[in-house]
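Before I ask anything, let me first share the structure, which is written out below as structure tokens.
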Amino acid sequence: MRIVAAHFPSLGIEIARQRQASPGPLAIVWAKPGGAVEREVDVIGGSRIAACSTEAHAQDVRPGMTVAAARAKVAALSVRVVFQAEIEAALVRLAEVALKWAPTVSVLVDAQVVLVDVTGSAHLFGGGSGSGSGSGSGSGSRAADAHADAPTGERAILAAFRRVLLKMGHEATLVAAEGPKVAELIARFGQWQNRLTRPLVVPSDKTRAAVGRLPVFALPLDENDHEWLQTLGLFRLADLRVQPPSALGLRLGSRGPMVMQLIEGDDRSALVPYIPREVLEESVHLDHAIEGVEPLLFVVKMLADRISARLSGRQERTGRLELELKIDLGLRNKRSQLLVLQLPEPRGNSQDLFAVLRTKLEAASLDGPTEAVTLRAHERVRAHATMGHLFEGESKSDQALSRLIAELAVDMGIECVGTLAVRDSWVAESRSALMPASLRPVKAKQASCIDVEPLRIVTRDVSIDRASLEGMRRLQRFEWVEWWKRGRGGSDWACAWLGSMRTNVVVELGPLGVRLKGLLD
């Protein structure tokens with residue numbers, strides 16, 4: 001089983017920086033449900049640091065330190081609170097992005113790892129599956145065969161995944177290896193001595209050597225077992241292979257067979273698949289409430305990019321967006337303001353989504369400062385790829401027009417924006433209709449009707465004095481037209497000059513008098 005593992009060692013720091021720009025040394029504290037720390041004001045000197053930035057690490061700040069001890073080393077240290085639910089939401093988002101390369105993904109929240117099963121899909125993105133060629137199996141190692149530089153599907157997936165992650169503001173260690181546990185351990189601990197700066201492909205025949213270079217604390221054992229192994233002078237997994245299995249089995253107990261298989265590169269663990277949720281939802285909890293539309297658009301743009309990336313991974317588009325703003329009215333008085341955006345056509349591009357969101361926000365009246373923003377995508381449909389022409393340039397007018405139609409529909413209402421189409425009907429009021437907005441031309445059969453038709457239909461019942469009409473000319477008589485809808489009866493239509501309006505009009509001559517039906521302009 002070929003697995004691509006993506007480990008995000010600085011995910012908490014990246015989430016804190018995306019939420020609020022904080023240059024310089026930064027540390028985060030986990031906020032767990034029911035814990036003592038829920039907001040930044042709850043952070044005290046005894047709170048433990050969960051992770052720190054490279055700037056803080058360079059000044060001897062380490063995870064596990066208390067906030068007081070860390071600030072004694074770095075006075076300018078910024079401490080942010082990150083919810084554990086934010087870590088899970090970020091990993092779920094990245095897993096759904098990876099669905100574009102494989103149908104099965106897995107999320108390991110505690111390890112901050114996303115696993116992608118590329119066993120049957122790697123060949124679709126390049127050469128082979130990568131099991132016969134590689135770039136080495138450990139830090140500082142070299143290629144072992146003559147095909148190390150040959151393009152493979154796994155290399156293409158790793159390169160594309162890395163580009164998407166960098167665009168989303170995440171750094172990750174990417175590894176393709178044999179088995180879920182092996183790929184996870186190499187991604188997490190393969191940089192024990194030298195950092196893995198590039199994606200790594202471990203061929204199947206090099207798995208045992210790659211696992212042997214991992215440190216012993218990479219094994220899923222207790223801390224006491226790690227200390228016992230290091231006390232014996234066993235620092236790498238390769239050192240355990242020369243030890244008598246009976247001695248290790250006596251110490252490790254029921255975990256002994258699993259450890260012995262793992263150090264030999266034999267990974268038989270199962271991959272627990274992640275099942276995508278029905279409703280796509282992205283939210284941001286702000287450290288401080290913001291006022292006005294401009295700072296809110298910066299947050300909405302980030303949410304639109306996330307929703308678009310997840311839609312791209314699912315190969316879907318959305319037809320309705322919901323933007324929920326949590327308003328802070330002070331004194332623990334909070335309320336939610338919901339903005340619903342119905343799109344004329346399903347969209348998935350981040351620029352299109354942000355354009356309609358910006359139009360809606362600029363026209364809306366905010367009830368107060370916003371402290372949290374949630375964006376949901378409903379009415380999702382399958383996105384079908386369109387084949388581009390090889391020798392002809394692609395016109396951008398259709399894309400610009402579709403975005404303009406979407407913005408107008410959100411601003412004015414979807415019932416007010418559409419395509420004026422001619423319908424097959426003898427009744428003049430039904431000859432034209434506003435159809436749903438579409439770039440495709442609407443075709444309809446034209447029924448034989450009067451030779452002169454009004455350009456503007458008057459829907460209200462307006463009576464006209466017959467003496468005010470000049471140059472009246474009869475057009476046609478309607479008798480028993482659509483009797484199953486309108487009932488029996490007939491009327492005559494005529495055109496004339498109406499001096500009071502200084503225009504030509506179309507009138508109906510019936511038993512109830514003269515009625516205005518339309519204008520000829």
Side-chain angles (χ1 to χ4, degrees), residues 1-9 11 87-88 91-92 94-95 98 101-122 129-131 134 136-139 141 154 157-158 161 172-193 196 199-223 225-226 229 234-241 243 245 248-249 251-275:
M1 181 186 298
R2 297 296 297 178
I3 301 295
V4 169
H7 177 227
F8 303 89
L11 186 58
I87 297 293
E88 182 178 359
L91 292 174
V92 166
L94 298 172
W101 296 293
T104 304
V105 297
S106 181
V107 178
L108 307 179
V109 179
D110 296 336
Q112 298 184 10
V113 172
V114 172
L115 302 178
V116 187
D117 186 2
V118 297
T119 305
S121 59
S129 63
S131 60
S137 55
S139 305
S141 64
E154 290 180 0
I157 292 176
L158 291 177
F161 199 6
T173 303
L174 297 172
V175 173
E178 190 74 21
K181 199 64 180 179
V182 168
E184 173 198 346
L185 296 182
I186 295 177
R188 294 175 59 189
F189 303 100
Q191 52 184 357
W192 180 34
Q193 291 182 337
L196 295 178
L200 176 67
V201 176
V202 181
S204 299
D205 55 350
K206 305 296 181 182
T207 303
R208 188 174 185 274
V211 172
R213 279 184 280 270
L214 295 177
V216 294
F217 54 80
L219 292 173
L221 301 174
D222 298 335
E223 186 176 353
D225 295 332
H226 291 159
L229 292 174
L234 306 176
F235 299 101
R236 297 177 181 270
L237 298 189
D239 300 335
L240 301 180
R241 298 171 183 163
Q243 303 301 317
L248 291 178
R251 172 73 184 193
L252 300 179
S254 60
R255 295 166 295 180
M258 179 268 296
V259 172
M260 298 306 298
Q261 290 178 357
L262 198 57
I263 63 178
E264 294 295 336
D266 184 9
D267 186 4
R268 303 183 184 182
S269 58
L271 184 68
V272 180
Y274 163 75
I275 300 177

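Basis for what follows: all heavy atoms, side chains included, without hydrogens, waters or symmetry-related copies.
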*Please report the closest heavy-atom contact between L158 and L174, naming both atoms and the distance.*
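For L158 versus L174, the nearest heavy atoms are O-CD1, 3.5 Å.
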
_Partners passing side-chain contact (heavy atoms from CB on, under 4.5 Å) against T104 (at least two apart in sequence or in another chain)_ =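 Partners of T104 by the side-chain contact (heavy atoms from CB on, under 4.5 Å) criterion, ordered by chain and then number, come out as D117, L271, P273.
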
*Kindly indicate, with the supporting measurements, whether the criterion side-chain contact (heavy atoms from CB on, under 4.5 Å) is fulfilled by V202 and V182.*
CA-CA 10 Å; V202 181; V182 168; over 6 Å; no

_Backbone of M1 reached by a side-chain donor or acceptor of E178 within 3.5 Å_ = yes

*Hey, are the side chains of L262 and P220 touching, using non-hydrogen atoms and a 4.5 Å cut-off?*
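Yes, close enough: below the 4.5 Å cut-off.
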
*Are the side chain of H7 and the backbone N or O of I186 linked by a donor-acceptor pair below 3.5 Å?*
no

*CG/L229 to CG/L221 distance, rounded to the nearest 0.5 angstrom?*
7.0 Å

*Do L237 and L185 come close enough that some side-chain heavy atom pair is under 4.5 Å?*
no

*asked:* For the backbone of I263 and the side chain of R241, can you confirm whether one donor and one acceptor N or O come within less than 3.5 Å of each other?
replied: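 Side chain of R241 to backbone of I263, a donor-acceptor pair under 3.5 Å: yes, one is there.
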
*Nearest atoms (heavy-atom pairs only) where L115 meets A5*: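 Nearest heavy atoms, L115 then A5: CD2-CB, 3.6 Å.
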
*Given side chains that start at C-beta, do those of F8 and I87 come closer than 4.5 Å, heavy atoms only?*
no

_Less than 4.5 Å apart, side chain to side chain, heavy atoms only: is that true for V109 and V107?_
yes

*Any idea which heavy atoms bring F189 and P215 closest together, and the distance?*
O-CD, 3.8 Å

